[in-house]
Peer 1: 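Supplied in structure tokens, the structure appears directly below.
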There are 2 protein chains.
Amino acid sequence: MTLDEAKQHLIQAWGTLGSSWGVSRTMAQVHALLLVSPVAMTTEDIMEALQISRGNVNMNVRDLIDWGIVRKVLKPGERKEFFEAEKDVWKVGMQVAKERKKRELEPLIRALEQVSTIEADITDPDVKQFAETVENLKKFANNTNNTLETIIKAEENFFWASFFKLFK
Amino acid sequence: MTLDEAKQHLIQAWGTLGSSWGVSRTMAQVHALLLVSPVAMTTEDIMEALQISRGNVNMNVRDLIDWGIVRKVLKPGERKEFFEAEKDVWKVGMQVAKERKKRELEPLIRALEQVSTIEADITDPDVKQFAETVENLKKFANNTNNTLETIIKAEENFFWASFFKLFK
DNA sequence: AAATACTTTCAAAATATTTTGAAAGTTCAA
DNA sequence: TTGAACTTTCAAAATATTTTGAAAGTATTT
């Protein structure tokens with residue numbers, strides 16, 4: 001397998017996986033492309049490499065930037081914008097965990113809070129069982145949220161710790 | 001908020017969230033419906049409650065059964081099949097983690113193994129950096145896989161432990 | 001100020017996914 | 001074996017998502 005074949009394979013695999021992670025195939029492919037590119041790429045480069053339109057590249061790159069896993073880089077003397085992916089896979093993982101927590105878990109927790117304001121006869125066994133299910137869901141969601149929070153915090157501290165070591 | 005309103009709210013919220021978890025809205029809604037139903041439901045009940053077609057109910061219930069979070073129950077004397085959701089949200093969470101591990105993480109790891117069989121000049125800096133990125137992805141994926149494995153195993157042991165306690 | 005080099009937007013087109021419902025399949029009782 | 005009660009399948013329709021590309025927008029140079 002040559003380098004280019006290997007890259008193609010990885011981009012394909014990443015793209016396929018994307019869909020099960022709630023990310024569109026193209027967005028995942030753009031991410032993979034930047035991840036394995038040794039240099040920052042322009043919109044044109046990405047269009048060419050993945051055979052997709054300008055608008056498509058623009059939207060997906062913007063989303064990846066929103067996720068905090070791709071950066072815009074400006075090269076002195078160049079008008080064009082270049083894009084590069086965060087290469088530290090741990091940081092990528094943490095960033096994704098952080099965003100998913102914010103986008104998925106937190107809205108769920110808010111919805112559950114809402115639903116648990118139900119005002120009904122607590123002696124009704126149906127009400128009681130519903131209240132219990134919601135309570136369990138809340139506990140579960142909060143527990144997951146806290147666990148993620150702890151892991152993310154720990155990772156961030158670890159990151160800053162190694163960062164500050166540079167100045168010691 | 002009445003019981004029925006609260007149920008509707010929860011079913012809606014669960015459905016909305018489903019999409020970001022790579023599960024179709026309807027499948028998530030069927031799950032939520034069964035989760036908050038105090039009794040097992042028939043295909044007709046689900047059709048009625050969610051206003052969806054027979055075929056749709058059939059497919060989604062089958063998928064939920066595949067995920068291991070909904071069970072078919074047969075009532076003596078009844079020809080119809082009834083469905084009920086696993087009510088223990090921890091078990092549901094573990095089951096989902098287990099399935100996602102199998103369906104998403106494991107294929108990724110296999111793809112990465114494939115890609116790392118690249119045979120190319122290791123002195124080429126581009127090849128070297130690619131190999132490194134793949135190596136890091138592998139480490140990350142394996143680490144996540146092992147962590148999940150450990151958590152799932154721990155939960156299962158815990159479950160069986162409490163189960164056996166019943167007989168002490 | 002005008003031309004140039006780029007980026008962004010967004011309505012329409014293409015594509016992918018989900019849903020329907022009727023027909024085919026299955027099971028069971030008589 | 002037939003018919004009634006139910007479940008499953010799947011091609012076509014409906015719906016949702018993604019992609020395109022040209023026009024509008026923005027920034028920089030001349």
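Every chain is numbered from 1, with letters handed out A, B, ... down the list of sequences. Please read these numbers as outputs of a predicted model, since none were measured by experiment.
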Peer 1: Taking atom C1' of dT19(C) as reference, at what distance in whole Å does atom CE of M59(B) sit?
Peer 2: 10 Å
Peer 1: Give me the bend of the helix from dA1(C)-dT30(D) to dA30(C)-dT1(D), using the axes of the five pairs at each end, rounded to 10°.
Peer 2: 10°
Peer 1: Check the orientation of F140(A) and W90(B). Use parallel for under 30°, tilted for 30 to 60°, and perpendicular for over 60°.
Peer 2: perpendicular
Peer 1: Please confirm whether any donor atom in the side chain of R79(B) sits under 3.5 Å from an acceptor in the base of dT27(C), or the reverse.
Peer 2: yes
Peer 1: Calculate the interatomic distance between K72(B) atom NZ and dC6(D) atom C1'; express it in whole Å.
Peer 2: 11 Å
Peer 1: Please find the pair of heavy atoms, one from D126(B) and one from P38(A), that lie closest to each other, and give the distance.
Peer 2: OD1-CG, 3.8 Å
Peer 1: In whole angstrom, what separates N60(A)'s CG from dT8(C)'s C1'?
Peer 2: 14 Å
Peer 1: Within residues 39-57 of chain A, find the residues that approach DNA chain C with a heavy atom at under 4.0 Å, and present them sorted by residue number.
Peer 2: R54(A), G55(A)
Peer 1: Can you tell me how far the NZ atom of K139(A) sits from the CG atom of L112(A), to the nearest 0.5 Å?
Peer 2: 13.0 Å
Peer 1: If you measure only the distance, is there a donor-acceptor pair under 3.5 Å linking the side chains of D45(A) and T42(A)?
Peer 2: yes
Peer 1: From dT9(D), dT19(C), dC6(C), pick the nucleotide closest to the side chain of K80(A)?
Peer 2: dC6(C)
Peer 1: Would you mind telling me which of dT8(D), dT19(C), dT18(D) lies closest to the side-chain atoms of S24(A)?
Peer 2: dT18(D)
Peer 1: Mind calculating the distance between CZ (R62(A)) and P (dT19(D)) to the nearest angstrom?
Peer 2: 14 Å
Peer 1: Looking only at heavy atoms, what is the nearest atom pair of F130(B) and A6(A), with distance?
Peer 2: CE2-CB, 3.6 Å
Peer 1: Report yes if at least one side-chain N or O of N58(B) is closer than 4.0 Å to OP1 or OP2 of dT8(D); otherwise report no.
Peer 2: yes
Peer 1: How long is the line joining CE of M27(B) and P of dT19(C), in whole Å?
Peer 2: 12 Å
Peer 1: Kindly give the heavy-atom pair with the smallest separation between M41(B) and A49(B), and that separation in Å.
Peer 2: CE-CB, 4.4 Å
Peer 1: Considering non-hydrogen atoms only, spot the tightest contact between D66(A) and R103(A) and give its length.
Peer 2: O-NH2, 3.9 Å
Peer 1: Taking only the side-chain heavy atoms of E81(B) (C-beta and beyond), determine which of dT8(D), dT18(D), dT9(C) contains the nearest atom.
Peer 2: dT8(D)
Peer 1: Please report, rounded to the nearest Å, how far the C1' atom of dT8(C) is from the CG atom of D63(A).
Peer 2: 13 Å
Peer 1: Both F82(A) and S19(A) contact DNA chain C. Taking the nearest nucleotide for each, which residue is further toward the 5' end?
Peer 2: F82(A)
Peer 1: Would you mind reading off the distance between E78(A) atom CD and dA5(C) atom C1', rounded to a whole angstrom?
Peer 2: 12 Å
Peer 1: Can you name the closest pair of heavy atoms from Q12(A) and Q29(A) and give their distance?
Peer 2: OE1-NE2, 3.2 Å
Peer 1: For A141(A) versus I109(A), what's the shortest heavy-atom pair and its separation?
Peer 2: CB-CG1, 3.7 Å
Peer 1: Quick one: L64(A) CG to dT18(D) P, roughly how many Å, whole number?
Peer 2: 13 Å
